[in-house]
Amino acid sequence: MTTTKTRARTYKYSHTIGIDDFAGRAFRNSADLAIGPEGMLYVLQRGTPLHRNVSVKICNLKEEFFGDFGAYGTDPGQWTWPAAIVLDSQGHLFVSDEWTNRISRFDTKGAFLGEWGDAGSGPGQLNRPSGLALDGQENLLVVDACNHRVQKFSREGKHLGGWGSHGAGPGQFNMPWGVAVNPAGEVYITDWRNDRVQKFTSQGRFLLEWGASGSGDGQFNRPAGIALDREGDVYVVDWHNNRVQVFDPQGGFITQLRGDATLSTWGEQLLAANPEMMAGRKVAKDLSAEKQFWVPRGIRVDDQNHIVVVDSGKGRLQIYQKVPG
Amino acid sequence: MTVTSTKDISLMAHLMRRAGFGASRDELEAAAAKGYEATVEELLNPGDETYLNKDIVDRYYIDVDDMRASDAANAWWFYRMINTRSPLQEKMTMFWHGLFATAYEKIQNGRATSGQIEMFRRNCLGNFRTLLLELSRDPAMILWLDNNTNHKGAPNENWGRELLELFAMGVGNYTEDDVKNCARAFTGWTIANHVPRYPWGAYPMEFEYRPADHDDDEKTFLGRVGRFNGEDIIDIVVEHEATGRFVARKLYQFFVSDDPAPDAAIETLAAAYAQSGHDMRAVMRVLLNSDFFKQAQFAKVKSPAELVAGIIRLVGDYREPKPGLVEITWESKFMGQELLNPPTVEGWHTGKEWIDSGALVGRVNFASDQVGNVEQPGIQAIVRRLSAPGKPLSPQALVDGCLDLMGPLDVTADTHKALVVHASQGGVARCGTTKEKEQFARRVAEMLQLIVATREFQFA
């Protein structure tokens with residue numbers, strides 16, 4: 001278990017949740033997650049083309065598993081390429097779908113409550129929507145990736161505005177991915193193909209940017225999910241650098257997380273029930289590669305500063321805890 | 001305006017079918033304008049491939065990003081075949097994959113099998129020595145032919161035997177003692193003790209050389225004596241005169257004809273192999289510019305993967321990530337060729353063995369479904385060409401126009417007559433009014449569906 005102390009902040013690795021498998025109490029190709037009260041986790045699964053097993057897996061930080069819901073397809077309430085998930089204060093889950101260009105709404109038991117979204121580039125239309133976040137008024141910010149913009153909607157789908165165009169200048173985007181909003185309503189967006197993060201006022205006025213292509217501190221190889229902690233520090237999933245970078249609210253580099261995975265309870269139980277799997281582990285001389293993130297995609301931080309990383313390529317969540325000092 | 005003859009277009013279409021997966025008429029005309037030899041040079045020198053936008057592919061195909069399963073590895077390869085601007089690179093990669101057949105069924109690691117394909121792609125037009133050396137160190141191959149159990153004092157001959165028999169020389173050119181000593185030379189060539197696959201899935205594998213497990217004693221191999229290691233074996237093998245002929249025969253079978261290779265062609269290619277210092281680009285330059293290649297039009301049955309990739313390129317689908325790509329790759333599997341998962345170390349049995357009643361129905365149904373969709377950009381391009389003169393087409397002109405744009409494809413008189421009889425049922429094809437244009441497009445698509453069901457279309 002690692003602990004990182006830097007700039008008056010301490011990041012402690014906590015534990016890992018999950019095993020890699022197609023069905024049941026396992027994850028496969030997770031895209032994002034939402035965190036609910038009391039550590040409830042709603043983990044969005046892109047699944048595999050073979051099994052068409054898109055779903056939301058429901059569990060909690062204590063590794064208890066409560067089931068799943070979701071169906072593959074293009075009919076109302078179905079998903080084809082689900083990309084992001086967010087939970088509002090009413091207990092409604094919103095899911096974006098990059099293929100159907102819809103935002104669908106469910107309760108936390110999986111009951112379908114409605115959806116909106118049309119393909120296109122006009123106001124309120126969507127072209128491969130990805131990241132989702134709620135602002136202080138619980139309006140929904142939707143990263144409209146292939147229209148290179150962010151759009152704001154009411155929870156019922158009324159279009160309220162947006163900003164952005166294709167390009168690399170301030171306020172422009174190249175296939176943005178993730179979005180996060182601070183209590184002041186300021187918006188952070190991972191500008192995926194420009195390898196940078198941009199920060200805006202709640203009305204979309206450009207404030208600042210940071211990042212460049214590369215693998216050094218503050219550089220990115222396609223930043224994906226983004227989240228903020230209680231103090232406003234910014235966590236960016238640096239997708240193809242297989243890491244999470246942490247920044248202060250102005251974009252100053254704090255540290256990076258590379259992954260510290262340890263066997264999850266689900267994993268321990270799987271191995272205990274399958275001696276031949278355990279045998280493979282016993283002969284392995286070096287398991288250090290197992291710890292590292294593998295094409296992570298999403299990240300969320302709860303109100304207790306639990307940092308939950310969606311370690312997509314390995315069917316698991318890695319959890320850290322930020323503490324003062 | 002560049003005037004190109006039907007003969008030029010036919011020859012260019014032949015080149016692009018064999019050295020690639022076919023080409024649209026626009027592409028054929030552009031290539032013909034450059035000239036045959038210049039086009040061959042372009043094919044032999046793959047360029048930058050940033051246009052494939054692998055990051056975007058990974059973003060939307062989350063399983064390709066992860067690359068643990070064979071489906072994902074297969075999907076990425078088909079995506080490349082469909083979208084590549086360097087089709088010979090993919091065709092050569094497919095050639096080496098068929099020759100050095102390694103199956104996911106045993107490896108069970110998508111990154112290892114796709115890593116081997118990437119290695120073939122990297123070396124496909126390079127030096128044969130480099131390719132064999134990398135193959136000897138390829139983790140998927142080591143696992144596939146058990147060289148990880150080839151130990152000093154307890155050799156496993158599997159890799160050593162297949163290197164000589166199936167991969168580089170062919171039976172009759174070495175002895176059993178050569179096999180034994182070849183295997184001894186490769187002791188200690190193994191895979192690093194890799195991370196277990198449970199509970200989080202397979203990890204990439206890496207080559208490891210363990211000197212303590214290598215038999216460093218003297219060996220006799222193909223008449224030479226020394227304390228040979230694997231590199232020495234590769235050096236001796238690539239220099240052997242049987243190897244040049246072996247590679248030549250395999251290339252001829254894959255790129256030229258399903259019929260046995262004539263001696264003269266083998267000697268020509270083997271000479272290019274020797275004179276170039278085993279440079280595959282030089283050998284392929286000779287092959288693609290040879291008369292025996294140019295004269296072998298429609299002398300090969302298309303493999304399922306060629307057929308599927310060719311049809312998708314023709315209709316212009318999957319030019320960017322969209323759902324359904326894995327299902328497209330399954331079509332090839334259902335027709336008898338699951339890439340990355342050949343049936344045995346001998347690879348696939350090709351030629352007429354691709355065709356049985358089930359596979360033929362699968363080929364025709366797949367192709368027919370695809371070309372029958374008038375919404376596809378490639379089909380619309382064919383419709384535009386046929387309607388461009390703005391004049392009504394007689395049934396025979398409709399048939400001939402479609403056959404021309406689907407090849408040009410020559411069919412037997414009986415087939416041609418049957419196509420014209422069918423076209424005649426609709427009378428003259430007009431494209432004046434909006435309704436006529438819709439009917440015209442539907443009739444073209446219907447004719448294309450009949451053409452892909454002909455015997456002749458099964459050949460490349």
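Naming: A, B, ... by sequence-line order, numbering from 1 per chain. Every value quoted in this text rests on a predicted model; they were computed, and no experiment measured them.
The structure places CZ of A/R297 at 7.5 Å from CG of B/D58, a figure rounded to the nearest 0.5 Å. The distance from the CZ atom of A/R46 to the CG atom of B/D66 is 13.0 Å, given to the nearest 0.5 Å. To the nearest 0.5 Å, atom CH2 of residue A/W192 and atom CG of residue B/D55 are 4.0 Å apart. Taken from CD in A/Q292 to OH in B/Y203, the straight-line distance is 8.0 Å, to the nearest 0.5 Å. Taking CZ of A/R222 as the reference point, atom CZ of B/R59 lies at 10.0 Å (rounded to 0.5 Å).
Counting heavy-atom pairs closer than 4.5 Å to chain A, the top-ranked of the candidates B/P323, B/P196, B/G324 is B/P323. Contact count against chain B (heavy-atom pairs under 4.5 Å) is highest for A/M175 among A/M278, A/E268, A/M175, A/K285. Between chain B and the options A/G267, A/A289, A/G315, heavy-atom pairs under 4.5 Å are most frequent for A/A289. With respect to chain B, the highest number of heavy-atom pairs below 4.5 Å among A/L263, A/N274, A/L270 belongs to A/L263.
Annotation for A/S264 and B/W200: closest pair N-CZ2, 4.1 Å, computed over non-hydrogen atoms. Here the closest non-hydrogen pair linking A/D286 and B/V195 is O-CG2, 4.0 Å.
No side-chain heavy atom of A/V295 sits under 4.5 Å from any side-chain heavy atom of B/M67. A heavy-atom distance below 4.5 Å is found between the side chains of B/P199 and A/E290.
No more than 12 heavy atoms of other residues, nucleotides or ligands shown are found within 6.0 angstrom of CD on B/E105. Within a 6.0 Å radius of CD in B/E327, other residues, nucleotides and ligands contribute more than 12 heavy atoms.
Tested against B/Y198 for a side chain to side chain contact (heavy atoms under 4.5 Å, CB included), the candidates A/D21, A/L271, A/I19 yield a single pass: A/L271.
If you measure heavy-atom distances from B/D65 to chain A, the contacts under 4.5 Å come from both the backbone and the side chain. Heavy-atom distances place no part of B/L325 under 4.5 Å from chain A, backbone and side chain included.
B/Y61 has its ring centre less than 6.0 Å from the ring centre of A/W81.
The residues B/R68 and A/D20 are annotated as salt-bridged, a charged nitrogen and a carboxylate oxygen being separated by less than 4.0 angstrom.
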